[in-house]
Participant: 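Attaching a single structure in structure tokens format; questions to follow.
For reference, positions follow the sequence shown, starting with 1. Reckoned from all heavy atoms, side chains included, excluding hydrogens, waters and symmetry mates.
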Amino acid sequence: MADVAREQERGRAGRRLRWCLIRAHGWTVPVLLAVIAVDIVLGGAMGPWFLLLVALAVPFYAGVPLWLRSGRRQAAHEPVEVEAPVTGEWLALNGPADKVPSHGVRFLGQEYAIDLIVDSEERPASTWWPPMRRNEAFPAFGRPLLAVAGAEVVHVEDGARDHLSRGTYPALLYMLVEGLLRQALGAHRLLGNHVVLDLGGGVYALYAHLRQGSVRVRPGDRVGTGQVLGGCGNSGNSSEPHLHFQLMDAADPRLAVGVPFTWRGVGVPADGTVFSVSERR
């Protein structure tokens with residue numbers, strides 16, 4: 001019994017340490033920017049202490065995510081079969097059918113993530129002008145997003161604005177700089193409005209870039225398969241209204257490793273594939 005108690009206490013201590021590191025990691029860039037501003041105002045009064053702070057902050061910021069993931073094994077189980085998170089006709093992009101990690105990085109548990117857009121005649125096609133468009137021009141905007149299984153809601157964010165599209169070449173340059181800033185400010189700035197579901201068995205579903213004010217659920221809610229969670233949006237690090245969907249092995253994507261999925265009746269659509277899901281009754 002004593003050994004069990006000690007093991008449980010070590011587990012709790014480890015979780016507390018991870019959460020402290022996550023919080024400190026989120027404050028690293030804002031604090032460093034504030035120190036830089038103060039040092040400039042004071043005419044470089046910090047001297048070598050400023051260089052020492054930067055030398056410590058940079059490896060800390062880069063190393064914490066790597067250390068947090070180092071104790072987690074790459075998902076080795078078979079793909080988890082769930083329902084599709086949408087109905088109607090959608091186009092799959094950046095999915096795991098063609099490569100893993102599907103988005104080119106393992107950051108935020110994105111190994112098996114997929115993006116979905118609606119590519120119809122109404123969707124703007126120009127890649128140059130106007131450089132940015134209102135979200136209402138895109139047919140995916142506001143489309144309902146559905147629970148892929150019976151689950152418990154464990155995290156919700158719904159306050160990020162839906163910005164203009166970034167799908168043209170001029171806007172993508174802006175988005176590149178904006179994306180670096182969002183990454184520095186934390187995961188929630190990248191994901192925008194998002195919902196995390198606990199599907200059970202150590203598997204979690206993440207829905208990102210939801211429309212501001214559209215989320216219909218709150219942490220602690222139980223949802224049924226096919227229940228509407230919110231609407232497709234363009235918040236966070238997004239070029240146009242779309243759904244970013246992934247399964248992962250932890251509720252916090254900063255700690256998570258991606259989990260492979262397959263959608264019942266659809267499978268895993270390849271990049272550039274248009275697929276259709278019937279309305280559920």
Participant: Go through the steps for Leu108 and Arg254 under the test side chain to side chain contact (heavy atoms under 4.5 Å, CB included), then give the verdict.
Facilitator: CA-CA 5 Å; Leu108 299 180; Arg254 294 170 294 185; 3.9 Å; yes
Participant: Can you find a heavy atom in the side chain of Tyr112 that is under 4.5 Å from one in the side chain of Val100?
Facilitator: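 Yes. Closest side-chain heavy atoms under 4.5 Å.
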Participant: Taking only residues two or more places apart in sequence or in another chain, which ones pass side chain to side chain donor-acceptor pair (under 3.5 Å) with His194?
Facilitator: none
Participant: Of all residues at least two apart in sequence or in a different chain, which pass the side chain to side chain donor-acceptor pair (under 3.5 Å) check with Asp115?
Facilitator: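 Once residues adjacent in sequence are excluded, the partners of Asp115 under the side chain to side chain donor-acceptor pair (under 3.5 Å) criterion are Asn94, His103, His244.
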Participant: As an exercise, state the distance from CD1 of Ile114 to CG of Leu243, rounded to the nearest 0.5 Å.
Facilitator: 9.0 Å
Participant: Measure across Ala251 and Val154 and return the closest heavy-atom pair with its distance rounded to 0.1 Å.
Facilitator: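 The pair with the smallest heavy-atom distance is CB-CG2, 4.1 Å.
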Participant: Can you list everything that forms a ring-ring contact (aromatic ring centres under 6.0 Å, His included) with Phe275? Sequence neighbours excluded, please.
Facilitator: Trp263
Participant: Name all residues meeting the salt bridge (Lys or Arg N to Asp or Glu O under 4.0 Å) criterion together with Glu83; count only those two or more places apart in sequence or in a different chain, and write none if there are none.
Facilitator: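 Partners of Glu83 under the salt bridge (Lys or Arg N to Asp or Glu O under 4.0 Å) test: Arg264, Arg280.
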Participant: Can you find a heavy atom in the side chain of Val153 that is under 4.5 Å from one in the side chain of Val196?
Facilitator: no
Participant: Through direct or indirect side-chain contacts below 4.5 angstrom among Ile, Leu, Val, Met, Phe, Trp and Tyr, which residues connect to Phe141?
Facilitator: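 Hydrophobic cluster check, Phe141: no partners found.
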Participant: Below 4.5 Å, heavy atoms only, C-beta onward: do Val268 and Pro79 meet side chain to side chain?
Facilitator: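 Contact flag for Val268/Pro79 side chains = no.
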Participant: Would you call the rings of Phe245 and Tyr207 parallel, tilted or perpendicular if under 30° counts as parallel and over 60° as perpendicular?
Facilitator: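 Aromatic pair Phe245/Tyr207 classed perpendicular.
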Participant: What pairs of donor and acceptor atoms, side-chain ones from residues 212-219 against any protein atom, are under 3.5 angstrom apart with sequence neighbours left out?
Facilitator:
unit_1, atom_1, unit_2, atom_2, d
Gln212, NE2, Gly159, O, 2.9
Ser214, OG, Arg211, O, 2.8
Ser214, OG, Gly231, N, 2.9

Participant: For residues 143-152, which side-chain N or O atoms pair as donor and acceptor with protein atoms under 3.5 Å away, sequence neighbours left out?
Facilitator:
none

Participant: How far apart are the closest heavy atoms of Ala270 and Ala92, and which atoms are they?
Facilitator: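 Minimum heavy-atom separation between Ala270 and Ala92: O-CB, 3.7 Å.
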Participant: For Pro96 versus Ser102, what's the shortest heavy-atom pair and its separation?
Facilitator: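 Heavy-atom minimum between the residues: N-CB, 3.6 Å.
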Participant: Does some side-chain heavy atom of Tyr204 sit less than 4.5 Å from a side-chain heavy atom of Val259?
Facilitator: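 The answer is no, as the side chains (C-beta and beyond) never meet within the 4.5 Å cut-off.
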Participant: Less than 4.5 Å apart, side chain to side chain, heavy atoms only: is that true for Glu111 and Val257?
Facilitator: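 Yes - at least one pair of side-chain heavy atoms lies under 4.5 Å apart.
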Participant: Sequence neighbours excluded, which residues qualify as side-chain contact (heavy atoms from CB on, under 4.5 Å) partners of Val274?
Facilitator: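 If we apply the side-chain contact (heavy atoms from CB on, under 4.5 Å) test to Val274, skipping adjacent residues, the hits are Glu89, Leu91.
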Participant: Tell me the closest heavy-atom pair linking Ser238 and Glu240, and the distance in Å.
Facilitator: OG-O, 2.8 Å
Participant: Same cluster or not: are Leu93 and Phe138 linked, directly or through other Ile, Leu, Val, Met, Phe, Trp or Tyr residues, by side-chain heavy atoms under 4.5 angstrom apart?
Facilitator: no
Participant: Tell me whether Ile117 shares a hydrophobic cluster with Val86, the cluster being built from Ile, Leu, Val, Met, Phe, Trp, Tyr side chains joined at under 4.5 Å.
Facilitator: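 Each belongs to a different hydrophobic cluster.
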Participant: Would you give the length of the straight line joining atom CD of Gln246 to atom CZ of Phe261, rounded to the nearest 0.5 angstrom?
Facilitator: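 One gets 10.0 Å once the value is rounded to the nearest 0.5 Å.
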Participant: Return the minimal non-hydrogen interatomic distance between Leu116 and Pro85, and the atom names on each side.
Facilitator: CD1-CG, 4.4 Å
Participant: Is it true that Asp162 and Asn234 share a donor-acceptor pair across their side chains at a distance under 3.5 Å?
Facilitator: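 Per modelled atom types, Asn234 and Asp162 side chains form no pair under 3.5 Å.
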Participant: Using the salt bridge (Lys or Arg N to Asp or Glu O under 4.0 Å) criterion, which residues pair with Arg222? Sequence neighbours excluded.
Facilitator: none
Participant: Which pair of heavy atoms, one from Ser235 and one from Leu210, lies closest together, and at what distance?
Facilitator: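 Here Ser235 and Leu210 meet closest at OG-O, 2.8 Å.
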Participant: So do Pro253 and Leu191 actually touch side chain to side chain, heavy atoms under 4.5 Å?
Facilitator: yes
